[in-house]
Amino acid sequence: MEDFVRASCAHFEALLREQLQRQQRMEQAGKARDFAAAEKIVIGVVGGDGIGPIIVRQARRVLEKLLEEELASGRVELRNIDGLTLERRLACGRAVPEDVLREIKACDVLLKGPTTTPKGGTLESANVTLRRELDLFANVRPVSVPEQGIDWIFFRENTEGEYALGSRGIELPGALSMDFKVTTDAGTRRIARAAFDYARQNGKKSVAIVTKANIMKKTDGMFSRIAHEVAADYPEITAEDWYIDIMTANLVNEALRSQFQVFLLPNLYGDIITDEAAQIQGGVGTAGSANIGAEYAMFEAIHGSAPRKIERGEGDWADPTSILRAAELLLRHIAMADKAEKLGEALRVCTETERRVVMTGHRDGATCKEFVDYVLEKL
Ligand code: IPM
Ligand code: MG
């Protein structure tokens, strides 16, 4: 027992020093890239596991069509990156093999399929590793249901909270285990700025700051306090505090929910509530997710790799909508808003209006490829 306490204190000291250094590095971080002025943009295309390679291959076809000219002129390159598979990751014992990380860092932005994370053990989620290694601090997830007046956008902090040290807690088997949650000043300030900048640039009137600051007094308390400090620079926007529990109820309260516009949340609450929001939109297969940093950005489906679908032999019927929404966010990020609009409109027509190709995720509906054939017709 004494040995455990001593070893844990040493472990905690190392974590604390490391996190303080991270906070200092963040304070010196650079400005966001201007893609409109970029001479060349390299888009890395990463398949991932399970249904990942199936949906990503189809999303690539859509990008090939929309970027036809840019690909021909060489201004944009689509670069396949293999090797971010569970087998590879387990074989080398790294969440992201070093050679893959090098290839990824040579790209400007990524379109990434879902990757499987084994339960238990010590292998970290590839997503979490990439978010940290590429410093992708803003997880931005739009959800809209126009006929119900729902037009939400979630700004989820993407590198801290329970995720920063989620694989590095302490455990005394048979007695106790303890994980750590981290909130930093710089980490909160930059995500808050991203949310309020978005609100200002898009004429939104309010930002909901969602925490559990009544219970997590230090970490969420700091998040809320700093969010309000940032809000003071945006006097035309209302900043409202909400607790995560009541906010999850609000999202299913039809009388209330359409009043919300922009949400600003710490990492784990953002993770949970965006699945709820995506379900309200039609399922986790329908929402895209942007992971944005100053230098890199990664765009992905909001859902996992669906191993059970692969086991049933139904991978080809996977719904590509989420990864196509991610591609739409990617195009917007690289200053190609017109192409993003085009894709958004084609998806709207294919999923809402004509309903000629119905995705069910099973053999009775359209395959992933059939759906994308239809999207390509509409582009
Ligand atoms: C998400 C996912 C990830 C997360 C997993 C795959 C690590 O659920 O992007 O929301 O927890 O952030
Ligand atoms: Mg999630």
- Query: Do Met222 and Ile226 have side-chain heavy atoms sitting under 4.5 Å apart?
  - Reply: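 Result yes, sub-4.5 Å side-chain heavy-atom pair found.
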- Query: Can you find a pair of side-chain heavy atoms, one from Val210 and one from Pro266, that are under 4.5 Å apart?
  - Reply: no
Where the side chain of [X] meets the backbone of [Y], is there a donor-acceptor pair that is under 3.5 Å apart?
X	Y	value
Ser322	Ala287	yes
Asn291	Ala297	no
Glu160	Thr184	yes
Thr211	Ala213	yes
Glu133	Leu130	no
Thr248	Asp245	yes

- Smallest separation among heavy atoms of Val140 and Leu329, with atom names: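 Closest approach of Val140 to Leu329, heavy atoms only: O-CD1, 4.4 Å.
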- Note on the structure: Heavy-atom closest pair (Val207 atom, Ala199 atom, distance to 0.1 Å) is CG2-CB, 4.0 Å
Partner set under side chain to side chain contact (heavy atoms under 4.5 Å, CB included) for [X], not counting sequence neighbours:
X	result
Leu71	Glu64, Leu67, Val76, Leu78
Arg33	Phe35, Ala38, Asp108
Arg61	Gln58, Lys369, Val372, Asp373, Leu376

- Query: Which of these passes side chain to side chain contact (heavy atoms under 4.5 Å, CB included) with Ile237: Lys205, Lys204, Arg200?
  - Reply: Arg200
- Item | Ring centre gap for Trp242 and Phe263 strictly below 6.0 Å | no
- Message: Please tell me whether Phe196 and Phe155 form a close aromatic pair, meaning their ring centres lie under 6.0 Å apart.
- Response: no
- Message: Determine whether Asn139 and Ser289 satisfy the following criterion, side chain to side chain donor-acceptor pair (under 3.5 Å), listing intermediate values before the conclusion.
- Response: CA-CA 7 Å; Asn139 194 313; Ser289 169; 3.2 Å; yes
- Task: Run through Arg132, Arg89, Arg168 and flag the one making a salt bridge (Lys or Arg N to Asp or Glu O under 4.0 Å) with Glu124.
- Result: Arg132
- Task: Taking atom types as modelled, find out whether Gln259 and Asn250 have a side-chain donor-acceptor pair closer than 3.5 angstrom.
- Result: no
- Query: Between the side chains of Thr159 and Glu157, is a donor N or O closer than 3.5 angstrom to an acceptor N or O?
  - Reply: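 Side chains of Thr159 and Glu157: pair found under 3.5 Å.
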- Taking the six-membered ring of Tyr163 as reference, does the NZ or CZ atom of Arg156 fall below 6.0 Å from its centre and within a 45° cone about the axis?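 Here Arg156 passes the 6.0 Å and 45° test against Tyr163.
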